[in-house]
Colleague: 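Quick one: structure below, then a few questions.
In this text, all values refer to a predicted model and were calculated from it rather than measured experimentally.
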Amino acid sequence: MSDRTTHAKQVLTSQSIELPSWAFGNSGTRFKVFAQQGVPRDPYEKLADAAQVHKYTGAAGSVALHIPWDKVEDYAHLAAHAADLGVKIGTINSNTFQDDDYMLGSVCHPDPGVRRKATDHLLECVDIMDATGSDSLKLWFADGTNYPGQDSIADRQDRLAAVLAEVYERLGEHQRLLLEYKLFEPSFYTTDVPDWGTAYAHCLKLGPRAQVVIDTGHHAPGTNIEFIVALLLREGKLGGFDFNSRFYADDDLMVGSADPFQLFRIMHELALREVVGPDSGIAYMLDQCHNIEPKIPGQIRSVMNVQEATAKALLIDREALAAAQAAGDVLGANAVLMDAYNTDVRPLLAELRNEQGLDEDPMAAYAASGYAAEIIAARKGGQAAGWGA
């Protein structure tokens, strides 16, 4: 076994990929939400399903919550339930986009009363962090405008900065704020946090515990996402990822399904800086929905896709790459990357899972477990969880 293979297995053993609770509920497009059988009816059942993903991959030990979709009376009890299942509560995600009051924005709204309502919700999310032990608050704002002259672009940035400062001040010593950006939608003229530069500027002003989240589906076509990754890493401002795939816009398809080579390139920049492990301070979270495929297998396959991209990135011959780069050997340097990318890492990961006491084929193991049939039989009646529920 080569040194690179040994190192890759060591890193992969500790890799942690956070699951989104909302991936287990019913979801769809803007036209239709598609119902599936056996879908969780509450956050407790979502955690149970997430625990199945961790059971078969060994790499998904935390679950992000979305408030109010995952609202409960006792968050400490929910955290204890997660621990009993072998997982923990991860990032707390806010929701300031599903209320009639937010038609013209939330934290950037011209009405101070609406801004106060949105801010109070964000502060509530910090309270939930305290109760669950979460250390990360993730903010994405649908705020923006649809028409020129609708509102002052500059004033909206001032309002955003003021709210972020209040929320940042409320954070505990070991908690952080993660600011996400999105190129467009639902605002089509201006978006108040449209790109990494805007998010970076606000985080820089807030302080060291404010960092940027990269959603891999939130960019213009052709954007070099790994450049953004490298720059934010260099500045110490990369807080996390929302991993997914897209073809045209923010499709939230399974990570690695549309462009696995892009995912490999991203993981290369992260492996190069040795920030793939759980002590990196970077939240590696999936953010995707399974509209036509079953939820739990979709999450298992997604975790495996990230593992495979990571394994390939870890197998890059860094010495050969550095030598080729220093010599100006353009094709030689590219070939080093392509050799690693074209490596079939599935046997390596199967071997690793075997060493961890896991089944070598997580998809087949889950399919044979009978869990899917169990939850279809057990979860009859009640309101299935889904977008907005």
Side-chain angles (χ1 to χ4, degrees), residues 18-57 60-100 121 124-125 127-128 131-132 134 244 252-254 285-303 362-389:
E18 189 161 290
L19 306 178
S21 68
W22 52 97
F24 299 97
N26 283 324
S27 58
T29 67
R30 70 184 67 189
F31 304 109
K32 169 67 176 173
V33 172
F34 302 102
Q36 295 188 19
Q37 291 182 303
V39 166
R41 296 163 295 182
D42 57 45
Y44 289 87
E45 292 182 348
K46 290 179 183 178
L47 289 173
D49 287 1
Q52 289 291 305
V53 180
H54 184 50
K55 176 180 179 179
Y56 293 104
T57 65
S62 65
V63 185
L65 300 185
H66 202 296
I67 308 300
W69 296 349
D70 294 319
K71 194 174 183 66
V72 295
E73 292 295 324
D74 188 339
Y75 288 99
H77 185 268
L78 185 66
H81 176 71
D84 289 342
L85 292 168
V87 296
K88 66 177 182 179
I89 303 297
T91 306
I92 303 300
N93 292 255
S94 61
N95 184 320
T96 55
F97 53 86
Q98 282 192 314
D99 192 291
D100 286 344
H121 167 67
E124 175 195 12
C125 288
D127 292 339
I128 294 170
T132 59
S134 169
N244 52 53
D252 281 346
L253 301 175
M254 287 170 51
M285 194 188 81
L286 304 179
D287 180 18
Q288 53 192 46
C289 297
H290 304 290
N291 302 337
I292 60 175
E293 68 272 22
K295 316 294 183 179
I296 298 174
Q299 288 285 282
I300 291 174
R301 180 65 259 182
S302 298
V303 171
M363 292 288 285
Y366 172 74
S369 71
Y371 184 82
E374 291 175 13
I375 58 177
I376 289 174
R379 296 174 183 173
K380 293 183 178 179
Q383 177 63 47
W387 287 354

Colleague: Do E18 side-chain atoms and T91 backbone N/O form a donor-acceptor pair below 3.5 Å?
Modeller: yes
Colleague: Could you tell me if the side chain of I92 sits less than 4.5 Å from the side chain of I67, heavy atoms only?
Modeller: yes
Colleague: Hydrogens and angles aside, do W22 and D70 bring a side-chain donor and acceptor to less than 3.5 Å of each other?
Modeller: no
Colleague: How long is the straight-line distance from CG of D252 back to CG of N244, given to the nearest 0.5 Å?
Modeller: 5.0 Å
Colleague: Can you tell me which residue among Q299, K46, H54 is in a side-chain contact (heavy atoms from CB on, under 4.5 Å) with L19?
Modeller: Q299
Colleague: Between L47 and L78, is any pair of side-chain heavy atoms under 4.5 Å apart?
Modeller: yes
Colleague: Any side-chain hydrogen bond (donor to acceptor under 3.5 Å, both in side chains) pairs touching residues 73-90, not counting sequence neighbours?
Modeller: Y44-H77
Colleague: List the atom of L65, the atom of S21, and the distance in Å for their closest heavy-atom pair.
Modeller: CA-OG, 4.0 Å
Colleague: List in chain and number order the residues that pass side-chain contact (heavy atoms from CB on, under 4.5 Å) with S302, two or more places apart in sequence or in another chain; answer none if no residue qualifies.
Modeller: M254, V255, L286, Q288, H290
Colleague: Search all heavy atoms of A365 against all heavy atoms of Y56 and return the closest pair with its distance.
Modeller: CB-CD2, 3.6 Å
Colleague: Check salt bridge (Lys or Arg N to Asp or Glu O under 4.0 Å) between D49 and all other residues, then give those that pass, not counting sequence neighbours.
Modeller: R379
Colleague: Just checking E293: does its CD atom have more than 12 heavy atoms from other residues, nucleotides or ligands closer to it than 6.0 angstrom?
Modeller: yes
Colleague: Can you list the residues that meet the side-chain hydrogen bond (donor to acceptor under 3.5 Å, both in side chains) rule with N26, with sequence neighbours excluded?
Modeller: none
Colleague: Identify the heavy atoms of V53 and A60 that sit nearest to each other, and give their distance.
Modeller: CG1-CB, 4.1 Å
Colleague: Which atoms form the tightest heavy-atom contact between K295 and F24, and what is the distance?
Modeller: CG-O, 3.8 Å
Colleague: Determine whether a donor-acceptor pair (N or O, by modelled atom type, separation under 3.5 Å) exists between the side chain of S62 and the backbone of I89.
Modeller: no
Colleague: Provide the closest heavy-atom pair for T96 versus H121 in the form atom of the first, atom of the second, distance.
Modeller: CG2-CD2, 3.9 Å
Colleague: Please check this pair: side chain of N95 against backbone of P68, looking for a donor-acceptor N/O pair closer than 3.5 Å.
Modeller: no
Colleague: Among residues two or more places apart or on two chains, list those pairs meeting salt bridge (charged side-chain N to carboxylate O under 4.0 Å, His left out) that have a residue in residues 33-42.
Modeller: R41-E45
Colleague: Applying salt bridge (Lys or Arg N to Asp or Glu O under 4.0 Å), name anything that partners E374, two or more places apart in sequence or on another chain.
Modeller: none
Colleague: CG of D287 to NE2 of H66: how many Å apart, nearest 0.5 Å?
Modeller: 8.0 Å
Colleague: Do the non-hydrogen side-chain atoms of P297 and Y366 ever get within less than 4.5 Å of each other?
Modeller: yes
Colleague: Taking all non-hydrogen atoms of both residues, which atom of N291 and which atom of S27 are closest, and how far apart?
Modeller: OD1-OG, 2.7 Å
